[in-house]
Amino acid sequence: MRRDFVNRKEEFEELDERVIDIARVAKVVKGGRRFSFRVTVVVGDNRGKVGLGVGKARGVPDAIRKASERARKAMAPVPLVGTTIPHEIVAKHGGAEVLLRPASPGTGVKAGGAARAVLAAAGVRDILTKSMGSPNVLNIATATLKGLRNLTRVEEEAARRGKDSSELLPFWERK
């Protein structure tokens, strides 16, 4: 076996995989309704990489497998400052709107449902969130993921503003 294949396999084994939502959906055909399951899965390494996947199949196990494969392929890095995010951000997807706000160490993950699962899989330990608009689990999870991906690293933002990166850190991180 190739060395890079072995490393990649080990990398997948230590991923945090969470099933967020299982919904029964129907397709109307000539003879009536044909039911299948839509499963939403979030996968993360608890160190700043997270992905979201949706799978649909006639059986729940097949849908979960498809969703987890898609989530692993969609994994992307998330900038973190210690155990929180670098700055506040509001993200929208569909009718769901999610506010993500950094929090001082010891605060914990103040989030509900889908947002909590996405943030925990990403490795965020201290954060305050507010979910507004639609209560649709899939849209909330996608909006949370969009918010995390749209965060800018402290060093990039400092360079853009022409400041020192220590000036942009949250007050509890400054020396």
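Keep in mind the model is a prediction, meaning the values are calculated, not measured.
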What heavy-atom pair brings [X] and [Y] nearest, and what distance separates the two atoms?
X: Val39; Y: Ala63; value: CG2-CB, 3.5 Å
X: Arg149; Y: Ala76; value: NE-CB, 3.5 Å
X: Pro79; Y: Thr152; value: CG-C, 4.3 Å
X: Ile89; Y: Gly147; value: CD1-O, 3.7 Å
X: Ile140; Y: Val98; value: O-CG2, 4.0 Å
X: Ala117; Y: Arg18; value: O-CD, 3.9 Å

Is [X] salt-bridged to [Y], cutoff N-O under 4.0 Å?
X: Arg161; Y: Glu157; result: yes
X: Glu156; Y: Arg153; result: yes
X: Glu69; Y: Lys73; result: no

Taking [X] for its side chain and [Y] for its backbone only, find out whether a donor-acceptor pair lies under 3.5 Å.
X: Arg116; Y: Val109; value: yes
X: Ser68; Y: Arg65; value: yes
X: Thr144; Y: Val118; value: no
X: Thr107; Y: Ala103; value: no
X: Lys56; Y: Phe37; value: no

Side-chain heavy-atom pair [X], [Y] within 4.5 angstrom cut-off:
X: Arg125; Y: Asn46; value: yes
X: Val41; Y: Glu17; value: yes
X: Val43; Y: Met75; value: yes
X: Leu52; Y: Thr40; value: yes
X: Arg38; Y: Leu138; value: yes
X: Val50; Y: Leu119; value: no
X: Val54; Y: Arg70; value: no
X: Asp45; Y: Glu14; value: no

Open item on the list: Can you confirm whether Arg101 is buried at CZ, in the sense that more than 12 heavy atoms of other residues, nucleotides or ligands lie under 6.0 Å from that atom?
Closed with: no
TODO: Would you indicate whether Arg34, at its atom CZ, is surrounded by more than 12 heavy atoms from other residues, nucleotides or ligands within a distance under 6.0 Å?
DONE: no
Open item on the list: Let's go through Leu100 and His87 carefully: what are the C-alpha distance in whole Å and the side-chain angles of both, what is the deciding distance for side chain to side chain contact (heavy atoms under 4.5 Å, CB included) to 0.1 Å, and is it a yes or a no?
Closed with: CA-CA 8 Å; Leu100 304 173; His87 59 85; over 6 Å; no
Task: Cation-pi geometry met for Arg24 and Phe35 (6.0 Å, 45°) - done: yes
Approximate separation, where rounding is to 0.5 Å, of [X] [atom1] and [Y] [atom2]:
X: Glu88; Y: Leu151; atom1: CD; atom2: CG; answer: 11.0 Å
X: Leu80; Y: Arg47; atom1: CG; atom2: CZ; answer: 11.5 Å
X: Ser36; Y: Asp62; atom1: OG; atom2: CG; answer: 11.5 Å

TODO: Test side chain to side chain contact (heavy atoms under 4.5 Å, CB included) on Leu15 and Arg72 and set out the steps.
DONE: CA-CA 9 Å; Leu15 293 177; Arg72 288 174 186 203; 4.1 Å; yes
- [ ] Using the side-chain hydrogen bond (donor to acceptor under 3.5 Å, both in side chains) rule, take Ser134 and Asn139 through it: C-alpha gap first, then chi angles, then the decisive distance, then the call.
- [x] CA-CA 8 Å; Ser134 169; Asn139 286 351; 4.5 Å; no
- [ ] Evaluate the criterion side chain to side chain contact (heavy atoms under 4.5 Å, CB included) for residue pair Lys27 and Val25; output intermediate values, then yes/no.
- [x] CA-CA 7 Å; Lys27 174 184 178 182; Val25 292; over 6 Å; no
Open item on the list: Checking side-chain contact (heavy atoms from CB on, under 4.5 Å) between Val137 and each of Asp21, Ile22, Thr142, which is the one that passes?
Closed with: Asp21
Task: Chi angles and distances behind the side chain to side chain contact (heavy atoms under 4.5 Å, CB included) call for Glu97, Val90 - done: CA-CA 7 Å; Glu97 192 173 356; Val90 176; 3.4 Å; yes
